[in-house]
Amino acid sequence: MEYGLFDNKAKEFIINKYDTERPWINYISNGSYCSLISQTGGGYSFWREPKFNRITKHRYDNIPQDRPGKYLYFRDMESGEYWSNGWQPVMKEPEAWQARHGLGYSVITSTYNKISTSASYFVPGQEDMEVWIIKITNNDSKTRKIKVTPYVEFSLFNALDEYLSYPNLRFFCDAEYSKDLNAILYFMHHHSWMNLGKVFMGLSIPISNVTMDRRLFLGKYGSETNPEVIITGKADSKPVYGSDCVGAPEVDLDLKPGQSIEFTVMLGVDNNKPGRVKELMTKYSNVDTAKKEMQAVKSKWESLLGNFHINCPDQDINDMSNIWHQYQLKVTFDWSRWASYYHTGTSSGIGFRDTNQDSLGMLHIAPELVRDKILLLAKNMYEDGHSYHSFFPEGGVADDRKYGDDHIWINTSTYHYICETGDLSILDEVVPFIEGSTGTLFEHLVRSIEYALTVTGHHGLPKMFFADWNDCLNNICLKEKGEKGVSVMVAQQAYQFGNYLLQLAKWSKKEERVKELPAKLENLKKVLNDVTWDGEWYTRAYTDEGRVIGGKESGEGQIFLNTQSWAVFANVADKEKGEKCMDSVYTLLNSEYGIKLLHPPFTSFPMDIGSTIHYPAGIKENAGIFCHANTWAIIAETLLNRGERAMQYYKQILPPLVAKKIGYDRYRVEPYVYCQFITGPDHQNHGAASHSWLTGTAVWTFVALSQYILGVKPTLDGLIVNPCIPKDWPGFEVNRKFRGAEYEIKVKNPNKVNSGVKKITLNGKELSSNVIPVQPAGSKNLVEVELG
Ligand code: GLC
């Protein structure tokens, strides 16, 4: 049954079933304060960064799943009956229920025993807080006395301590009720050392009572399903000093027949600023102001997502691309692989390679944010050209393990940033290296490529070190020192990124600094084709001992997807080899629900592979359908001019489509955002997906669709139009902003071809090539294209 659907008019995703297989969540965030919220009101919040500034708790492996959350309890004071708005946590079957995730907000509505309730959750554009707008309506013919109790469980601010030392550190936690503020204040004894300060949870209407001690709220051996305070209706308002803290303020309402009451719940941080709580609460205690701010958030999102809009013959593609896909691009850009329902927010911060990739998806939305991010990334590079694997921008120990690929990705983000903006000045920005000395961004780029090309192992290919894009190939260089083990994928990427660097050098007249690079790159390409071509596909890696991984003789892991698509994408393969290796992908790796990462899966535990082998066959990096890697196969097929296959690959992993095909229950995760992997055909749960939201799949499917299928690609001199579509598409439209000007691009395909621009006009005048020259900022331009 399809219980999830797009409402394109409202720009919302509607969920009509509360007990989805996995929580279907939304990220509600202004880039600083972040709240994750599921369809049942589960989720957690943090401020600025999820490791040290966690506000509310999430138990990643709780039973039942998805607890605790931002709940709303209701108690009928006459009958003693109680329930919750989101279905969780009381789990009593509502008469009516619906959740709607929107741009920057989520709304859960339900009806139970003639009382209708709704909670609209949002994070205002500027303030470090979240607001819940609550509405309760009495549909009964008699007056109803209802107690409403919003509820959260507070977290240790240091989320890692939650796992490592909670039994001890719980004694750091205090909570007090301020009658004056009409709010609960939660804090650590030593909170004044912390930027976060105190957490507040206040209401816009008078609180009648509060409970702040978890034991007292839940009761002995109680849970959120049957809290003692809700069952008995008797709160305990004692402050808490050194124990488990919750926020459970109560309001007692007498609702006449037909009457509705609205109020707000405000949860946020005071940043140690005296008067801050009062200031925020005064503003958001006004329900109308709160509603206006929520509308402002929605409008802001609408304008952010207005820079790119498509209309193609396939409604599933339009549904996904115009709203949710782009929303996900911003979420991944903001939160990397940091905190989700699948990442605890404690182990890694901003991933160097991940963020360079995520940047590509933000270029059309907010390129100025990408500029800042590239410069931030550059600061996390060593003088020799390699970089941290991941780091915490607010402080904390970076992951210093050396990977073969991390550092070189900065070339692609910078190259694409300059294509989008024309801003060559970024190359001259002076940025410190980790050691303290400084260099221009250009110098950072040069050193990263030099590092890959000079620190080499077998066959003169770049060393793999700990791993490459595939984090789980981490025993190729068994000792992590990478004596000789090399990565073919890194070599292919170095070829592409090195060529980007050459372009940048040319555009900024810095060729002198890289004068030896062209020859080195051509030599690399030669080695790749002489040594790593295995007859029908490219190999994947060579271990320290020299064993070939991903070759015909390799046994398990005989063919890997990435080195086929990257051979084409990076222009390492000629047409013949490109077609051959991508045909091998189709024959050996493709399945109904996407392309497997490798074949055959590892089942005999070869010790020179890495943690891939710990996953059962078909899961994640061990022959799972790693969606992120599928995207490069889409791009490769467009470069081979095979529009049908590119579209097939694209649609195989398009969330709303694949979820419907597999069945929502079997697919499990949200059908409105991309996920990291779908379980492969070698596993009994083929089709089950996981790790939704924070994944490189989001950015690369967007690049694949916008730049390679629809073929509208920014370059320094303007927008190139070079589509590769299925022959039976009659055409499509793209509306795109580029350097401040608007372009309405209408493509017609009367000759039923995959590609080839026969005629292109700009504002009625025919162009001599398919590059639309940059038009003045503020102008509106009509581009008409005929394929043939
Ligand atoms: C995860 C990581 C990403 C890596 C991929 C494959 O998505 O975030 O950096 O490339 O797994 O291992």
Side-chain angles (χ1 to χ4, degrees), residues 50 328-329 331-361 377 380 387-391 398-399 401-410 412-413 464-476 487-490 492-493 497 540-541 549-550 557 560-563 565-566 569 594-598 601-602 609-615 619-633 653 669 673-680 689-701 703:
Q328 186 182 6
L329 294 176
V331 171
T332 46
F333 179 79
D334 284 345
W335 303 115
S336 189
R337 310 295 172 269
W338 217 347
S340 72
Y341 266 49
Y342 307 90
H343 304 86
T344 63
T346 58
S347 51
S348 56
I350 301 271
F352 198 90
R353 84 158 78 89
D354 292 333
T355 299
N356 275 301
Q357 294 172 76
D358 295 343
S359 293
L360 307 189
L377 289 162
N380 287 278
S387 71
Y388 285 148
H389 180 58
S390 67
F391 58 94
D399 181 349
R401 282 174 301 181
K402 198 186 280 180
Y403 283 64
D405 69 319
D406 281 323
H407 40 286
I408 54 174
W409 283 101
I410 195 163
T412 200
S413 52
M464 186 136 165
F465 298 107
F466 184 81
D468 61 12
W469 171 90
N470 188 333
D471 292 330
C472 299
L473 293 181
N474 55 332
N475 270 358
I476 302 285
S487 161
V488 177
M489 184 175 182
V490 176
Q492 294 172 337
Q493 291 175 324
F497 302 157
R540 180 64 178 79
I549 305 300
F560 281 67
L561 168 60
N562 280 329
T563 37
S565 31
W566 272 90
F569 186 23
I595 312 166
K596 310 196 300 186
L597 197 56
L598 60 94
F602 293 101
I609 299 296
S611 55
T612 293
I613 65 168
H614 298 295
Y615 293 111
I619 302 270
K620 277 181 69 93
E621 280 91 340
N622 193 8
I625 296 160
F626 217 92
C627 300
H628 186 167
N630 276 238
T631 64
W632 296 316
I653 58 165
V669 299
V673 286
Y674 281 95
C675 65
Q676 185 202 66
F677 80 96
I678 301 172
T679 306
S690 187
H691 290 54
S692 51
W693 282 97
L694 301 186
T695 162
T697 319
V699 58
W700 281 109
T701 36
V703 172

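Note that ligands are numbered from 1 as they come in the structure, with each ligand's atoms numbered from 1 the same way.
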Just which atoms of ligand 1 are under 4.0 Å from any heavy atom in Asn470? 12 (O)
Got the closest protein heavy atom to atom 2 (C) of ligand 1, with its distance? Asp471 OD2, 3.5 Å
Below 4.0 Å from any atom of ligand 1, is there a heavy atom belonging to Asp354? yes
Answer yes if the ring centres of His343 and Trp335 are under 6.0 angstrom apart, and no otherwise. no
Heavy-atom side-chain proximity of Asp405 to Met489 below 4.5 angstrom: no
Let me know which of Phe626, Phe560, Phe352 forms a ring-ring contact (aromatic ring centres under 6.0 Å, His included) with Trp469. Phe626
Looking at Phe465, I'd like to know if the NZ or CZ of Lys402 sits under 6.0 Å from its six-membered ring centre while staying within 45 degrees of the ring's axis. yes
Would you say the side-chain atoms of Trp409 and Gln357 include a donor-acceptor pair closer than 3.5 Å? no
Could you check whether Asp358 pairs with Arg337 (Lys NZ or Arg NE/NH1/NH2 to Asp/Glu carboxylate O, under 4.0 Å)? yes
Show which atoms of ligand 1 fall inside a sub-4.0 Å distance from at least one heavy-atom site of Arg337. 8 (O)
Atom 4 (C) of ligand 1: which of Trp469, Phe626, Trp409, Phe352 has the nearest heavy atom? Trp469
Under 3.5 Å: N/O of His628 near N/O of ligand 1: no
Among protein heavy atoms, which lies nearest atom 7 (O) of ligand 1, and at what distance? Gln676 NE2, 3.2 Å
Tell me, which protein residue and heavy-atom name are nearest atom 12 (O) of ligand 1, and how many Å apart are they? Glu621 OE2, 2.5 Å
